[in-house]
Peer 1: 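Shown below is the structure under consideration.
Nothing here was measured: the structure is a model prediction, and the numbers come from that model. Numbers here are sequence positions counted from 1.
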Amino acid sequence: MKKYLPAAAVVVAVSATFAAPAVAAPATAPSASTASTAPSASSSPSALTAPASSVRVVASGERVDAGRGWTVWLTEEGKHWSGPEGYENFRSVVDGNIDLSRPGVSHQSEGDPAGVFHSGLYYGTKKVGKVVLTGTDGTRTTASLLELPGRPGWGVWYAHTGPENDGGASVALHDRNGRLLAELPGWNA
């Protein structure tokens with residue numbers, strides 16, 4: 001049982017604010033891509049540390065290596081990211097362009113012939129389970145999730161996929177029970 005001690009510490013820290021059953025995310029394979037279309041009904045302590053299906057809490061301004069030269073960070077104002085060339089971008093959560101009272105998801109993507117970096121906001125829920133991208137070829141990719149402390153009702157997701165040839169991926173936001181909360185179709189759907 002010692003191998004679950006770090007996850008148990010997370011549950012204890014979070015359960016001071018939230019009920020323990022609400023902490024567990026659906027168990028999924030730890031890979032960033034999954035062929036499964038149905039969420040798993042089981043969960044385990046190890047699911048709390050799986051990067052593709054759990055929320056990682058980060059400090060404001062903490063830079064997260066999102067892979068392949070991409071960096072993501074959150075502030076109280078919103079999502080920040082930079083690419084391999086070093087430029088920085090920003091997506092606000094306080095400018096009035098998103099409704100934090102209803103579940104929703106945004107999507108930004110940048111890529112080249114080698115692949116695409118996808119990222120965005122998820123918002124309007126404190127019970128996020130996962131964000132899943134579905135490519136035009138049907139390939140499903142589960143995104144990594146980041147939030148600021150205190151479950152502010154919004155967070156950031158990011159994932160890498162192969163190159164998109166004809167319309168971009170759709171994005172779906174699910175709660176911890178696998179229920180679809182919001183969906184954003186691909187731009188050529």
Peer 1: Linking Ile, Leu, Val, Met, Phe, Trp and Tyr by side-chain heavy atoms under 4.5 Å, what else ends up with Val64?
Peer 2: Val58, Trp70, Val72, Leu74, Trp81, Tyr87, Val93, Val94, Ile98, Leu100, Phe117, Leu121, Tyr123, Leu146, Leu148, Trp154, Val156, Tyr158

Peer 1: So if I apply the side-chain hydrogen bond (donor to acceptor under 3.5 Å, both in side chains) rule between Tyr122 and each of His174, Lys130, Glu147, which one comes out positive?
Peer 2: Glu147

Peer 1: Thinking salt bridges, do Glu88 and Arg63 make one under a 4.0 Å N-O criterion?
Peer 2: yes

Peer 1: Please enumerate all residues that pass salt bridge (charged side-chain N to carboxylate O under 4.0 Å, His left out) together with Glu85, with sequence neighbours excluded.
Peer 2: none

Peer 1: Under the side-chain contact (heavy atoms from CB on, under 4.5 Å) test, which residues partner Ser170, sequence neighbours left out?
Peer 2: Thr134

Peer 1: Ignoring hydrogens, what is the shortest heavy-atom contact between Arg151 and Val55? Give both atom names and the distance.
Peer 2: NH1-CG2, 4.1 Å

Peer 1: Provide the closest heavy-atom pair for Pro84 versus Arg68 in the form atom of the first, atom of the second, distance.
Peer 2: CG-O, 3.6 Å

Peer 1: Taking all atoms of both residues into account, what is the closest heavy-atom pair of Ala114 and Pro163, and its distance?
Peer 2: O-CD, 4.0 Å

Peer 1: Given side chain to side chain contact (heavy atoms under 4.5 Å, CB included), test Asn97 with Arg91 step by step and report yes or no.
Peer 2: CA-CA 10 Å; Asn97 285 325; Arg91 176 66 169 100; 4.2 Å; yes

Peer 1: Can you confirm whether Ser60 sits close enough to Glu76 that some side-chain heavy atom of one is under 4.5 Å from a side-chain heavy atom of the other?
Peer 2: yes

Peer 1: Are any non-hydrogen side-chain atoms of Leu133 and Trp157 less than 4.5 angstrom apart?
Peer 2: yes

Peer 1: Quiz question: by atom type and distance under 3.5 Å, do the side chains of Asp175 and Asn177 form a donor-acceptor pair?
Peer 2: no

Peer 1: Do the ring planes of His80 and Trp73 sit parallel (below 30°), tilted (30 to 60°) or perpendicular (above 60°)?
Peer 2: parallel

Peer 1: What is the minimum heavy-atom distance between Ala172 and Leu180, and which atoms define it?
Peer 2: CB-CD1, 3.7 Å

Peer 1: List the atom of Ala182, the atom of Gly104, and the distance in Å for their closest heavy-atom pair.
Peer 2: CB-CA, 3.7 Å

Peer 1: Where is the tightest heavy-atom contact between Lys79 and Gln108, given as atom of each residue plus distance?
Peer 2: NZ-OE1, 2.5 Å

Peer 1: Quick one, Asn89 and Glu110 - any side-chain contact, counting heavy atoms below 4.5 Å?
Peer 2: yes

Peer 1: Rounded to the nearest 0.5 Å, what separates atom NE2 in His160 from atom OG in Ser109?
Peer 2: 12.5 Å

